[in-house]
Number of protein chains: 2
Amino acid sequence: MASLLLRGGKVPLRCSIGPDDPAMNLRDLRYLLAVAEHRHFGKAAESCRVSQPTLSVQLRKLEEELGIVLFERNSKQVVPTPICELLLSHARVAVAEIDAMAALARSAMDPLRGTLRLGIIPTLGPYLLPLVLAPLQEALPDLEIEPWEDVTATLLERLRGHELDAALIATEPDGTDLVTRPLFTEPFLAALPPDHPLAAQKRIGEDDLAPDVLVLADGHCLRDQALAACGLAGPLGGSLRAASLATLINMVAAGYGTTLIPGLAAGAAQDSGIVLRPLRQKASRTVRIAWRAAFPRRAAVEAVARVIAERLAPYAAAAERDDAALDRARGQGHLARHA
Amino acid sequence: MASLLLRGGKVPLRCSIGPDDPAMNLRDLRYLLAVAEHRHFGKAAESCRVSQPTLSVQLRKLEEELGIVLFERNSKQVVPTPICELLLSHARVAVAEIDAMAALARSAMDPLRGTLRLGIIPTLGPYLLPLVLAPLQEALPDLEIEPWEDVTATLLERLRGHELDAALIATEPDGTDLVTRPLFTEPFLAALPPDHPLAAQKRIGEDDLAPDVLVLADGHCLRDQALAACGLAGPLGGSLRAASLATLINMVAAGYGTTLIPGLAAGAAQDSGIVLRPLRQKASRTVRIAWRAAFPRRAAVEAVARVIAERLAPYAAAAERDDAALDRARGQGHLARHA
DNA sequence: CACAATGATTGGCAATGCCTATCGTGATCT
DNA sequence: AGATCACGATAGGCATTGCCAATCATTGTG
């Protein structure tokens, strides 16, 4: 008990608890099982890759810790006591569980393995996911992407609450707990009914859309971005508030007004028979991937980010080309590009 | 790797196995569970009775061992990763099993607790057990006696095979692996049909029984002891071989012959209406308790032995008294006592 | 900006675990 | 019977581990 006073400070905490301190190292359990299996200290030691004295000593220690005799040693045989037999079944379960843990950990050790819960905003999901899921599957065969579609605020909430691992959004989140990486920039396009007066123009001025622009319901970032691009603080009195981009497009097709749609949705929009035109001031949004700064599988997020960015690169290049061609056709050269 | 060569002898064995050596101390699992439960290193450390740095370091070590991140540390919260959640359920089971082991061991630590498998020979069991089971139950309330009745050879075999913990026998077993302790000495009595010529004598000479002595079947030690007492090497031609002492007594009662019965069976014998007489040369057998020399619960065996010996002491004293009274009645004094 | 809270780091020390070498005791073989 | 073998126990030495106190670094708060 003199050791209690060896240190200057407080009495070590662990001395304040009861006398029962079953250290019960896991290693000892393996030794126990080995001896029970082989009924021979030497063979058991060999199977545990330790020397026989080590196993002898550790087993004796275990017996002293437990306060019971585990094996009856005899010059010709080593037999587990009945109590030991009872303990063995528990030990087997415990060791199996721990082996299962190790196996699980080993299989999960690769950050590019497992499930990645990926949030995505609704104005992006239906158009981006079909493009990138197959390449992701190919590039990261062991990574299962679990998409979750919701508006930005909800995604960020779930991200912060560890219900998502990453999210594809089109805004910069507040706070330092989340970090982002831009993936690609998506131009907005003017969407017009075929018989709209502006439909005759090759290129539409953002402000010209303001009078009859239709926007999404609250919560969609696209709503705010579209309004901002048109120079509006809020929707005009009679503006409709569509619940989804598909609805919005159908509204436009039906002649209720105009709108801005993100470039990736162009295909779907054109199918509905509306007219799409580039914007004069090249309003756009940047899609980013966001994750918690502390998220341990950063490598998985970055791999996903890389695949998406690569997959989207041709689209971005094509957009540039089309844009440039359009510019040249109008004889405006590069000046407008950087307005 | 230089450490491989530090020692003179062989390369340490444990270096020859694979690189995966998940030490995975049980302590670490408790730390893991504590942090997962409290979601706070300080509180978890307190609940584990260790300092916070210790827990921090050990947990980091565990993470490195497993190759995965177990918790996402954040300035305001500590959240288990999804992989960790999977591991936790396994860890909980493992720790519970080990706690169960410790509890089992603790409850079994008292050698006077649990089950004692006690063999007993058939010529003793039916007469001794009713006398001693109640006192044993009272003296050793936590010890459950599990009696097993069989002939000596079988008992010893089962004892050596760890199927019995101790045995009550009336011979000295061979070999050094078993040890015995004498409990009491039981006189033999002559058992005669009431109309037998010898029935008139107060005391019977052992040799006089030889002509028509009946004995038990092979394997019963009483058979050999009875024959020896009567000076016979084997049974006479017409001798019956009864399967049990009760049968033997009934044989005698029916007039088929005489026999020797052990003192404790006197009560049962008298009920069947036969005549019992003390023997002139005081043939007797000593009942012993036998157990494996290496049996760890020697204390339990000795406690049982003590209780039985004490319980039998009055009988032995009474036998001595009766004997002495008989001697005095015959005017032989003490001389015959030590013949 | 000082302060409190919290997890990470550091340095030193005792305990643990392992090894080799040796011993003690039965069993086995000339 | 004496030598030898098999096997578990013990002893001494050494590297590793685990723990603690003290301190640092970061972040949120009055």
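Side chains included, hydrogens not; waters and symmetry mates left out as well; all remaining heavy atoms used. Because the structure is predicted, anything quoted here is derived from the model rather than measured. Residue numbers start from 1 in every chain, and the chains themselves are labelled A, B, ... in the order their sequence lines are given, proteins ahead of strands.
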Separation of C/dT9 atom P from B/Gln58 atom CD, nearest Å, is 14 Å
Nearest-angstrom distance from the residue atom CD of A/Glu46 to P of D/dC7:
12 Å
Measure CZ/A/Phe41 against P/D/dT10 and give the value in whole Å, please.
11 Å
Using a cut-off of strictly less than 4.0 Å, decide whether A/Lys61 has a side-chain nitrogen or oxygen near OP1 or OP2 of C/dG17.
yes
Residues that A/Gln52 engages under side-chain contact (heavy atoms from CB on, under 4.5 Å), provided they are two or more places apart
A/Phe41, A/Ala45, A/Ser56
So A/Ile68 and A/Cys84, side-chain contact (heavy atoms from CB on, under 4.5 Å) or not? Walk me through it.
CA-CA 9 Å; A/Ile68 59 177; A/Cys84 179; over 6 Å; no
I'd like to check the side-chain contact (heavy atoms from CB on, under 4.5 Å) partners of A/Glu72; sequence neighbours left out, ordered by chain and number.
B/His162, B/Arg292, B/Ala294, B/Phe295, B/Pro296
Set of salt bridge (Lys or Arg N to Asp or Glu O under 4.0 Å) partners for A/Arg297, sequence neighbours left out:
none
To the nearest angstrom, the NZ-P distance between A/Lys43 and D/dC7 comes to 6 Å
Remember a base hit wins even if backbone is also touched, and classify A/Tyr31 as base, sugar-phosphate or nothing at under 4.0 Å, heavy atoms.
sugar-phosphate
Between protein and nucleotides 1-5 of chain C, what N or O pairs are separated by less than 3.5 Å?
none

Polar-atom pairs under 3.5 Å, protein N or O versus N or O of nucleotides 26-28 of chain C: list them with distances, or write none.
unit_1 : atom_1 : unit_2  : atom_2 : d
C/dG26 : O3'    : A/Ser75 : OG     : 3.3

Could you check whether A/Lys61 pairs with A/Glu65 (Lys NZ or Arg NE/NH1/NH2 to Asp/Glu carboxylate O, under 4.0 Å)?
yes
Considering just the side-chain nitrogens and oxygens of B/Arg60, establish if one lies under 4.0 Å of OP1 or OP2 belonging to C/dT9.
yes
Would you mind reading off the distance between B/Glu64 atom CD and C/dA8 atom P, rounded to a whole angstrom?
12 Å
How many whole angstroms separate atom CG of B/Leu62 from atom C1' of D/dG18?
14 Å
Test: B/Arg158 and B/Glu149 ion pair at under 4.0 Å:
no
Quick note, B/Pro53 side chain, CB onward, closest among C/dC18, D/dG18, C/dT9 is C/dT9
In whole angstroms, the gap separating C1' of C/dG17 from CG of A/Leu29 amounts to 16 Å
Of the candidate nucleotides D/dC20, D/dG18, C/dA8, which contains the atom at the shortest distance from the side chain of B/Ser51?
D/dC20
Is any side-chain nitrogen or oxygen of A/Arg73 closer than 4.0 Å to OP1 or OP2 of D/dC7?
no
Whole angstrom is fine here: how far is it from CG in B/Leu59 over to P in C/dA8?
8 Å
Do the side-chain N or O atoms of B/Thr54 get closer than 4.0 angstrom to the phosphate oxygens (OP1, OP2) of D/dG18?
no
Considering only NZ, NE, NH1 and NH2 on the basic side and carboxylate oxygens on the acidic side, decide whether A/Asp28 and A/Arg60 come within less than 4.0 Å.
no
Below 4.0 angstrom from OP1 or OP2 of C/dC18, is there any side-chain N or O of A/Arg27?
yes
Are OP1 or OP2 of D/dG8 and a side-chain N or O of A/Gln52 less than 4.0 angstrom apart?
no
Would one find a side-chain N or O of A/Asn25 under 4.0 angstrom from OP1 or OP2 of C/dG17?
yes
Ignoring the backbone of B/Val50, work out which of C/dC19, D/dC19, D/dG18 is nearest its side chain.
D/dC19
Listing, residues 163-184 of chain A side-chain donor-acceptor contacts under 3.5 Å, not counting sequence neighbours, or none:
unit_1   : atom_1 : unit_2   : atom_2 : d
A/Asp165 : OD1    : A/Arg117 : NH2    : 2.9
A/Asp165 : OD2    : A/Arg117 : N      : 2.8
A/Asp165 : OD2    : A/Arg117 : NE     : 3.3
A/Glu172 : OE1    : A/Thr180 : OG1    : 3.2
A/Glu172 : OE2    : A/Arg288 : NH1    : 3.4
A/Asp177 : OD1    : A/Arg160 : NE     : 3.4
A/Asp177 : OD1    : A/Arg160 : NH2    : 3.2
A/Asp177 : OD2    : A/Arg160 : NE     : 2.6
A/Thr180 : OG1    : A/Arg288 : NH1    : 3.3

Going by an N to O cut-off under 4.0 Å, is there a salt bridge joining A/Arg285 and A/Asp224?
no
Answer yes or no: does a side-chain N or O of B/Ser56 lie under 4.0 Å from OP1 or OP2 of C/dG7?
no
Taking all heavy atoms of B/Val151 and all of B/Gly219, pick out the closest pair and write down the distance.
CB-O, 3.5 Å
